[in-house]
Structure formats: structure tokens, C-alpha cells
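Order of listing sets the numbers, starting from 1, for every ligand and every atom in it.
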Amino acid sequence: MRLPIPVNARTAVIALLGLALLLVFVFPFFAPTPQSWLATRTPATTDVIDLYWAMFWIAAVIMVIVEGGIIASVILYRQRPGHTARAYHGNTFLEFTWTIIPAIIVLGLSAYSFRSLSALTNVGDAQMTIEVTGRQWQWSFTYPDGLRVNTEAHIPVNTKVRFNITSVDVLHSFWIPKLSGKMDAVPGFTNAIWVHAVESGEYLGQCTEFCGIGHADMLAKVVAQPDADFQKWLVDTRRAQQEVPADQIAAGKQIAQQTCVICHRMEGTGTSPNPAAPNLSRYGAEGPLLPELRALKDAGDRDWLKKWVSDAKSIKPGTAMPTWLNTRGGTLTEQQVDSVVAYLLSLK
Ligand code: CUA
């Protein structure tokens with residue numbers, strides 16, 4: 001094949017080498033990549049970045065010396081008119097030198113690595129701990145008070161935060177490049193890392209261990225914000241998780257108007273259509289009314305009312321309250337029971 005411009009082999013090699021160097025070493029610094037770990041220094045990443053650059057420059061100097069020596073030899077001592085190329089074998093001084101110098105370099109870098117590694121794995125003095133759980137295919141974060149969120153975690157800035165990482169199914173790997181190194185998520189084990197954001201902002205990450213078909217979508221985001229904002233986020237998120245959607249309450253009301261109202265008064269004061277059935281018009285504020293239900297709720301059972309609506313006789317044998325859950329012989333699906341419960345608890 002003929003190229004439109006004359007390209008000799010030397011030009012092609014130099015051009016390709018230059019392109020490779022650009023791609024590998026230069027472009028990453030200028031590309032606005034949100035997951036470039038080299039661009040942002042935090043207490044947990046600065047050692048890694050320094051170690052990277054130390055290795056890079058040492059390797060660069062070695063490359064220049066070795067490649068320069070090869071290229072110089074090839075040019076200066078090549079076979080040509082007036083000069084005969086010769087092969088050399090064995091040079092004790094040179095062989096000692098090029099064994100001992102690399103050995104010293106490698107030992108030095110190892111010492112540097114070990115020092116960095118012990119700082120990176122020291123999670124002992126973290127000011128806050130978040131449990132991170134990997135599952136196919138989502139990360140979830142559990143805060144000390146039990147709040148659990150998926151995919152997006154918030155942390156306070158200028159705080160050393162410990163992540164306890166585990167998995168409930170297969171191997172995953174948790175990595176927020178700008179904030180820390182990678183850590184494997186292994187079922188049955190907990191591995192800890194720490195992060196320390198010094199600037200507010202969003203830090204993107206993702207699963208970096210192939211974990212099945214949804215691996216590429218197993219993203220994570222850490223949002224670092226000032227402590228006051230972080231505390232507000234905690235409160236707002238907790239509240240949002242407790243709020244029952246209005247359409248679920250509306251659906252529950254519709255069902256209750258065909259079922260509960262046969263015996264109970266649901267609105268206003270006065271006795272119910274069945275005088276033995278309590279007036280439920282303020283149930284969300286006053287309930288539970290039965291001692292058996294009160295005991296369930298006090299024992300911390302969050303499903304106390306759901307259990308009652310589903311199958312009251314299992315709680316109070318002989319009660320006139322019908323069984324509603326279809327799997328127990330009633331006429332309502334579990335979802336419908338949930339809606340009725342949401343409606344009853346909204347009555348205040
Ligand atoms: Cu989880 Cu890949």
C-alpha cells in the first residue's frame with residue numbers, strides 16, 4: 001500500500017512513540033475526568049500521588065539512560081564502511097552496577113510504599129463510620145443511626161470517615177478515585193478504608209471488580225458537604241424515608257370505604273355502625289387501642305398494625321375483626337393491606 005505522504009520507518013516509529021507517550025502520560029492531566037485520582041489531593045490520596053510521581057520520575061530517568069544507551073550503541077557502533085561491529089560478552093563491573101542500583105531503588109520504593117500503606121490502612125482514628133454493602137448491582141450506605149441510602153452517600157468535609165466495606169453476594173470492589181484507593185467487597189468479610197474530603201463537592205466512583213451483567217451500572221457517588229449541610233441532609237433523608245406517599249394513603253382510603261366502614265366510623269365523632277367497633281377517626285394519633293396491639297408496638301414491631309389488619313385473630317383469638325389478607329383467607333392483597341395501614345395511621 002502506498003501512503004499519500006512519504007513515511008520512512010524512523011518517522012513512523014517516532015510518531016507512534018510520541019503519540020503513545022501523549023496518550024499515557026499527558027492527556028489524563030488535562031482531560032476533565034471526574035474520576036481522575038491524580039488531580040485531587042486529599043489526606044488519603046496524597047501519599048499515593050506522591051508515590052506515583054516518585055516511581056514515574058525514577059522510571060523515566062532509567063528509561064532515558066537505558067534506551068539512550070541502546071540507541072547510542074546502535075548508531076555509534078553499527079557495522080559500516082570503515083567500522084566493524086563487534087559482540088561483547090561479560091563485563092563484571094557493568095553487571096554489578098546494573099544489578100545493585102535497581103536493587104537499591106526497589107528497596108527504597110518498597111520502604112516508601114510500606115510507610116504509605118500503614119497510613120492508608122489506619123482507620124483507627126476515624127471520626128465517623130459508614131457501612132458500605134455491595135450487592136448485584138448497587139452500593140448501599142448505612143449510617144451510625146441506621147439510616148440507609150443507596151448509591152449516593154453524603155459525608156461531612158474535613159472529617160476522617162471510615163468505610164466498612166462488605167458484600168452480600170459476589171465480589172465487588174469499592175472505589176472513589178479522588179478520595180481513596182480501591183477496596184474489595186467480600187461476602188463474609190469487612191474491609192475498611194478511610195476518606196477525608198478537604199473540599200465540598202461530588203466524588204464519583206464505581207464498582208471495579210467484574211460482578212455480573214450489571215457491573216457497569218454499579219456506580220457510587222460521595223457528596224462531601226459542610227457539617228451543617230450534612231446534618232440537614234441526614235434529617236431530611238430520614239424524614240423523606242418515613243413519609244408515606246399520598247397516593248398510597250388515597251388508595252387505602254378507597255379500600256377502607258368499602259371494608260372498614262361496614263363496622264367502624266372513620267370520620268367524625270360518635271359511635272361506629274357496629275357499636276362494638278372503635279371509632280378510628282383519630283387512629284393515627286390515638287392508636288393502638290387494644291392492649292395486645294400496644295404490647296406489639298411497644299416491643300418494637302413496626303408491622304403491628306399490618307399484622308392486625310391482615311389477621312387479627314392471630315393476635316386476639318375470638319375478635320370480631322375479620323381477617324383481611326388474602327393468603328390468610330381474606331380479600332385484600334398485601335399491597336392493599338399496606339395501603340389501608342398507611343391510611344389508618346394518617347387519621348389524626
Ligand atoms: Cu459490583 Cu462490579
Discussion item. His215 vs Phe210, test: ring-ring contact (aromatic ring centres under 6.0 Å, His included). Steps then yes/no.
Written reply: CA-CA 6 Å; His215 163 70; Phe210 181 68; 5.6 Å; yes
Worksheet item: Atom OG1 in Thr42, atom CG in Asn158: separation rounded to 0.5 Å?
Response: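 One finds 11.0 Å between OG1 of Thr42 and CG of Asn158.
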Item to complete: Looking only at N, O or S atoms, find the one in Glu209 nearest to atom 2 (Cu) of ligand 1 and name it.
Response: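 Closest to atom 2 (Cu) of ligand 1 among those atoms: O.
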Item to complete: Identify, by name, the N, O or S atom of His172 lying closest to atom 1 (Cu) of ligand 1.
Response: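 For His172, the N/O/S atom sitting closest to atom 1 (Cu) of ligand 1 is ND1.
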Discussion item. So, 2.8 Å as the limit: is an N/O/S atom of Met218 located closer than that to atom 1 (Cu) of ligand 1?
Written reply: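 Here the distance criterion (N, O or S atom, under 2.8 Å) is met by Met218, so yes.
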Discussion item. At a threshold of 2.8 Å, where the distance has to be below it, does atom 1 (Cu) of ligand 1 have an N, O or S atom of His215 nearby?
Written reply: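 No - counting backbone and side chain alike, His215 has no N, O or S atom under 2.8 Å.
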Practice prompt. Can you label the angle between the Phe174 ring and the Phe163 ring as parallel, tilted or perpendicular, going by 30° and 60°?
Written response: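 Perpendicular: the ring planes of Phe174 and Phe163 meet at over 60°.
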Practice prompt. Could you tell me how the ring of His196 sits relative to the ring of Trp194: parallel (under 30°), tilted (30 to 60°) or perpendicular (over 60°)?
Written response: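 Perpendicular: the ring planes of His196 and Trp194 meet at over 60°.
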Discussion item. With rounding to 10 degrees, what does the angle Cys211:SG / atom 2 (Cu) of ligand 1 / Cys207:SG come to?
Written reply: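 Between SG of Cys211 and SG of Cys207, at atom 2 (Cu) of ligand 1, the angle is about 120°.
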Worksheet entry | Glu131: which of Asn164, Thr142, Thr166 passes side chain to side chain donor-acceptor pair (under 3.5 Å) |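 Going through Asn164, Thr142, Thr166 one by one, the side chain to side chain donor-acceptor pair (under 3.5 Å) with Glu131 is satisfied by Asn164 alone.
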